[in-house]
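Each remark here refers to the structure printed beneath this line.
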Amino acid sequence: MQFYNSMTRSKEPLVPIDSGHVGMYTCGPTVYNFAHIGNFRAYTFEDILRRALTYHGCRVKQVMNLTDVDDKTIRGALAAGVPLKTFTAPYIQAFFQDLKTLNVQPAEVYPAATDHVPEMLVLVEKLFARGLAYQSEDGSVYFSVAKLPGYGKLAHLDRENLRAGARVAQDEYEKESYGDFALWKAWDANDGDVVWDSPWGRGRPGWHLECSAMAMKYLGETFDIHTGGIDNLFPHHENEIAQAEGATGKPFVNLWLHCAHLRVNGEKMSKSLGNFFTLRDLVEKGWSGREIRYVLINGHYRQPLNFTFDALDAARTSLARIDECVDALTALAGSAASGTVPAWAVAGRQAFEAAIDDDLNLPEAFAALFALVRESNSAMHQSALMPAQAAALLATFEALDTVFGLVRFGRAAEGGIPSEIKALVRDRASARANKDWAGSDRLRDEIAAKGWEVRDSKEGQKVKKL
């Protein structure tokens, strides 16, 4: 497998430090509100990456942090008049529920920043020992970027324009504001009761410090892959590198992978434009988790993704095509043992693997998937598939779906048609026999509202669960 390394700006093969095992750190949510679909563009990309690595037999240890102390969470807790952990707890719970809705596989470790302050203090002490940290007049501790050779290498900054000694106290800032960044923030009234003791006085950690400390705690001083949204490349990831490599003198990460922004209807997501959506907003509008997942992953992760309701409509149609093919293969296979797949299916799987191995080329991977759907339908239509071949094709679809995480298998075994639906279908047949087309349409809509679809065919009405 090869991936585009943001550090070198070129594709490189993945060579795990420990053969067969991959350590991966993914920047998780800042839990001050419900995560929005732009956030989930990154989390579903990282899920595809994890699944692709697992597909190739790698054992993945994924660490995703929970930022539960920073400027935003503290402001939220103070505004709500509750302790920090009380404020962040429901958003953490909601985040995990949203991951399940999108069928995102769980990481091995979800460290919360507030539980790892001791590790952060140790890291700051190492930076002091190496002459890279200093304390300001107000008691805060800063990282001296001018003293670290190579600072700016991830973002490819022009070091000549770095303003030595300029300080940036905010957790998040723009590229134009680069300068010495806060490792430890001295307490002030804006922090309320959010405070820890340290050798430099009472205060709290800076946002960038949190990820460096937690990543090294769980993955070691050097690990394989670090991912996140492109907006985190600078300053957050640049500062992670500075802290980790400044403290250890070792390379921090071998491969940096960043996904591009998500736009909605061609525009940047904004509440003022009315195009700002959380996952829950879309579910309330009637879209399923897998339809939303389909849209979020159906593009190359390094290309901007335009999220539209038309795309959700198209996802619903595409998923129905896949479901119908899988259902038909399931019916044909019956209880047959898996046989040999046709040559065209072997070529389809090879095309899928070539796509995911080439920097997670999901558009090409989807093309391979739908080629398999098309060929399978054609073969079944021509009665050219034996039950054993259908069983083997099902196994191929299942293998591909370990990466996609989209297909619903075994729908035929989910139970028969409820008696209520059967009665409505009979009523609709009577309406059609009496040429009561309005009544027929009304009953079709009622059946759909209850989660079933009825279609007319030469053999009569066909009913299936939506």
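Note that these values count all heavy atoms, side chains included, but never hydrogens, waters or copies made by symmetry.
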Review point. Should Thr67 and Asn65 be marked as a side chain to side chain donor-acceptor pair (under 3.5 Å) after you check the CA-CA gap, both sets of side-chain angles, and the distance that decides it?
Key: CA-CA 6 Å; Thr67 299; Asn65 70 296; 3.0 Å; yes
Review point. Does the ring centre of Phe409 sit less than 6.0 Å away from the ring centre of Phe397?
Key: no
Practice item. Check for a donor-acceptor pair, side chain of Asn361 on one end and backbone N or O of Glu364 on the other, with a separation under 3.5 Å. Key: yes
Check your understanding: Is the number of heavy atoms from other residues, nucleotides or ligands within 6.0 Å of CZ (Arg130) greater than 12?
Key -> yes
Exercise for review: Using ring pair (Phe, Tyr, Trp, His ring centres under 6.0 Å) as the criterion, point out the one residue from Phe307, Phe277, Phe276 that pairs with His36.
Suggested key: Phe276
Check your understanding: Taking everything shown except Lys268 itself, do over 12 heavy atoms lie less than 6.0 Å from its NZ?
Key -> no
Practice item. Determine the interplanar angle of the Tyr294 and Phe370 rings, folded into 0 to 90°, and report it as parallel if under 30°, tilted if 30 to 60°, perpendicular if over 60°. Key: perpendicular
Review point. Who are the salt bridge (Lys or Arg N to Asp or Glu O under 4.0 Å) partners of Glu108, not counting sequence neighbours?
Key: Arg50
**Study point:** All side chain to side chain donor-acceptor pair (under 3.5 Å) counterparts of His261, not counting sequence neighbours
**Key:** none
Check your understanding: Ion pair present between Lys85 and Asp115, side-chain N to carboxylate O less than 4.0 angstrom?
Key -> yes
Practice item. List for me each residue that meets salt bridge (Lys or Arg N to Asp or Glu O under 4.0 Å) alongside Arg321, sequence neighbours excluded, and say none if there are none. Key: none
Check your understanding: Partners of Arg202 by salt bridge (Lys or Arg N to Asp or Glu O under 4.0 Å), sequence neighbours excluded?
Key -> Asp197
Point to revise | Partner set under side chain to side chain donor-acceptor pair (under 3.5 Å) for Asp359, not counting sequence neighbours | key: Tyr301, Arg302
Review point. Partners of Glu137 by side chain to side chain donor-acceptor pair (under 3.5 Å), sequence neighbours excluded?
Key: Arg167
Review point. Less than 6.0 Å separating the ring centroids of His237 and His208?
Key: no
Practice item. Could I get the full list of ring pair (Phe, Tyr, Trp, His ring centres under 6.0 Å) partners for His300, not counting sequence neighbours? Key: none
Review point. Tell me, which pairs form a ring pair (Phe, Tyr, Trp, His ring centres under 6.0 Å) where one or both residues lie in residues 14-33, sequence neighbours left out?
Key: Tyr25-His226
Review point. What salt bridge (Lys or Arg N to Asp or Glu O under 4.0 Å) pairs are there with at least one residue in residues 226-249, not counting sequence neighbours?
Key: Lys153-Glu245
Check your understanding: Do the side-chain N and O atoms of Asp281 and Thr278 include a donor-acceptor pair separated by under 3.5 angstrom?
Key -> yes
**Study point:** side chain to side chain donor-acceptor pair (under 3.5 Å) between Glu12 and Thr8, worked out
**Key:** CA-CA 9 Å; Glu12 299 177 8; Thr8 61; 2.5 Å; yes
Check your understanding: Quick one: do the Gln62 and Thr26 side chains pair a donor with an acceptor below 3.5 Å?
Key -> yes
Study note, to complete from the structure: Result for side-chain hydrogen bond (donor to acceptor under 3.5 Å, both in side chains) between Thr114 and one of Thr73, Thr88, Asp68 points to Asp68
Check your understanding: With sequence neighbours left out, which residue pairs that include part of residues 30-49 fulfil the salt bridge (Lys or Arg N to Asp or Glu O under 4.0 Å) condition?
Key -> Asp47-Arg51, Asp47-Arg293
Point to revise | Check: Ser198/Trp184 side-chain N/O donor and acceptor closer than 3.5 Å | key: yes
Review point. Is the closest side-chain donor-acceptor distance between Asn239 and Tyr151 under 3.5 Å?
Key: yes
Practice item. Looking only at non-hydrogen atoms, find the nearest pair between Thr222 and Ile17 and report the distance. Key: O-CD1, 3.5 Å
Check your understanding: Are the ring centres of Tyr43 and Phe95 closer than 6.0 Å?
Key -> yes
Check your understanding: Ring centres of Tyr134 and Phe128 under 6.0 Å apart?
Key -> no
**Study point:** Side chains of Ser140 and Asp138, donor plus acceptor under 3.5 Å
**Key:** yes
Practice item. Could you pull out all residues at least two apart from Thr44 that satisfy side chain to side chain donor-acceptor pair (under 3.5 Å)? Key: none
Point to revise | Evaluation steps, ring-ring contact (aromatic ring centres under 6.0 Å, His included), between Phe96 and Tyr91 | key: CA-CA 9 Å; Phe96 289 132; Tyr91 297 120; over 10 Å; no
Review point. Which residues pass the salt bridge (Lys or Arg N to Asp or Glu O under 4.0 Å) test with Lys217, sequence neighbours left out?
Key: Glu119
Practice item. Before accepting this row, confirm whether a basic side-chain N of the pair Arg204/Asp70 lies closer than 4.0 Å to the acidic partner's carboxylate O. Key: no
